[in-house]
Amino acid sequence: MSDTEPTTPATPAAPALPLSRVVPLAEIGPKGLDVHLNVDDAALLASFARHVNVLAVSDFRAQLHLTHEGADGIHVTGRVLATVRQNCGVSLEPFDAPLDEAVDVHFVPAGTPVPAESLEDDEYDPPDEILDGRIDVGALSLEFLALGVDPYPRKPDAVFEAPQVDPEALSPFAALSRLKD
């Protein structure tokens, strides 16, 4: 028997995000700060595709504007633009779909209390937290890329045609009559 205490296994760390662009709040001037992210590196785009579970991502761009809001808050607005390759939910053929997501996010310092009346509002979207005096606009851009991916992709010219079925063949008695024969 050992004299040492048993150790618990370490919790696995969350996988690192494929894009990080940290903006210290000190960089945001009185007129705000424009941040443009343009990714054309094939390996990085492939990691984006794995991250959001699509076949491929191309033409990734984020155009963001950060401004001060109130005493300690930050307001981020802009767009995330990309082209994602997905399989059509009807034909199962791969196709490219444009993605254009509007970004409108409010940030407050960590630990800022939420107004009680906001908690009762079903439409309330709580602000994100500013961590260590910085905002990761790369992670924010990936979040909006993921939000913009269509969960039920459909190629523009795809048409679902239901199979022709005889209504009598759907009857449970039709199934029994086939067993009898």
Would you give me the side-chain donor-acceptor pairs under 3.5 Å for residues 29-47, sequence neighbours excluded?
from, atom 1, to, atom 2, distance (Å)
Asp34, OD1, His65, ND1, 2.6
Asp41, OD2, Ala43, N, 3.4
Asp41, OD2, Leu44, N, 2.8
Ser47, OG, Leu44, O, 2.6

Would you list the atom pairs, donor with acceptor, under 3.5 Å between side chains in residues 90-101 and any protein atom, with sequence neighbours excluded?
from, atom 1, to, atom 2, distance (Å)
Ser91, OG, Glu93, N, 3.3
Glu93, OE1, Lys155, NZ, 2.5
Asp96, OD1, Arg85, NE, 2.9
Asp96, OD1, Arg85, NH2, 3.3
Asp96, OD2, Arg85, NH2, 3.3
Asp100, OD1, Arg79, NE, 2.7
Asp100, OD1, Arg79, NH2, 3.2

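Leu25 is not connected to Val108 by any chain of hydrophobic side-chain contacts under 4.5 Å among Ile, Leu, Val, Met, Phe, Trp and Tyr, and they are in different clusters. Note on Ile130 and Val76: same hydrophobic cluster, where clusters join Ile, Leu, Val, Met, Phe, Trp and Tyr whose side-chain heavy atoms are under 4.5 Å apart, directly or indirectly.
Of all heavy-atom pairs between Ala110 and Leu131, the closest is CB-CD2, 4.2 Å. Taking both residues in full, the closest heavy atoms of Ala49 and Ala56 are given as CB-CA, 3.7 Å, listed atom of the first, atom of the second, then distance.
Heavy-atom contacts from other residues, nucleotides or ligands closer than 6.0 Å to CG of Asp157 number more than 12.
Among residues at least two apart or in separate chains, there is no salt bridge (charged side-chain N to carboxylate O under 4.0 Å, His left out) pair with a member in residues 51-75. Sorted by first and then second residue, the side-chain hydrogen bond (donor to acceptor under 3.5 Å, both in side chains) pairs with a member in residues 18-30 read Ser20-Asp136; sequence neighbours excluded.
The line from CG of Asp128 to CZ of Phe107 is 4.5 Å long, rounded to the nearest 0.5 Å. Interatomic distance, OG of Ser58 versus CZ of Phe48, reported as 12.0 Å (0.5 Å rounding).
Every residue meeting the ring pair (Phe, Tyr, Trp, His ring centres under 6.0 Å) condition with His75, not counting sequence neighbours, appears here in chain and number order: His106.
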Checking side chain to side chain contact (heavy atoms under 4.5 Å, CB included) for the pair Val105/Phe144: CA distance, chi angles, key distance, verdict?
CA-CA 10 Å; Val105 181; Phe144 277 85; 3.5 Å; yes
For the pair Leu55 and Asn87, evaluate side chain to side chain contact (heavy atoms under 4.5 Å, CB included) and give the outcome as yes or no after the intermediate values.
CA-CA 8 Å; Leu55 300 174; Asn87 282 330; 3.3 Å; yes
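Of the listed residues (Leu147, Thr77, Val80, Val137), just one forms a side chain to side chain contact (heavy atoms under 4.5 Å, CB included) with Val103, and that residue is Val80.
Under the 4.5 Å side-chain criterion, counting only non-hydrogen atoms from C-beta, Phe60 is not in contact with Thr83. Between Val23 and Ile28, some side-chain heavy-atom pair lies under the 4.5 Å cut-off.
A donor-acceptor pair is defined here as one N or O able to donate and one able to accept, closer than 3.5 Å; such a pair exists between the side chain of Gln86 and the backbone of Asp150.
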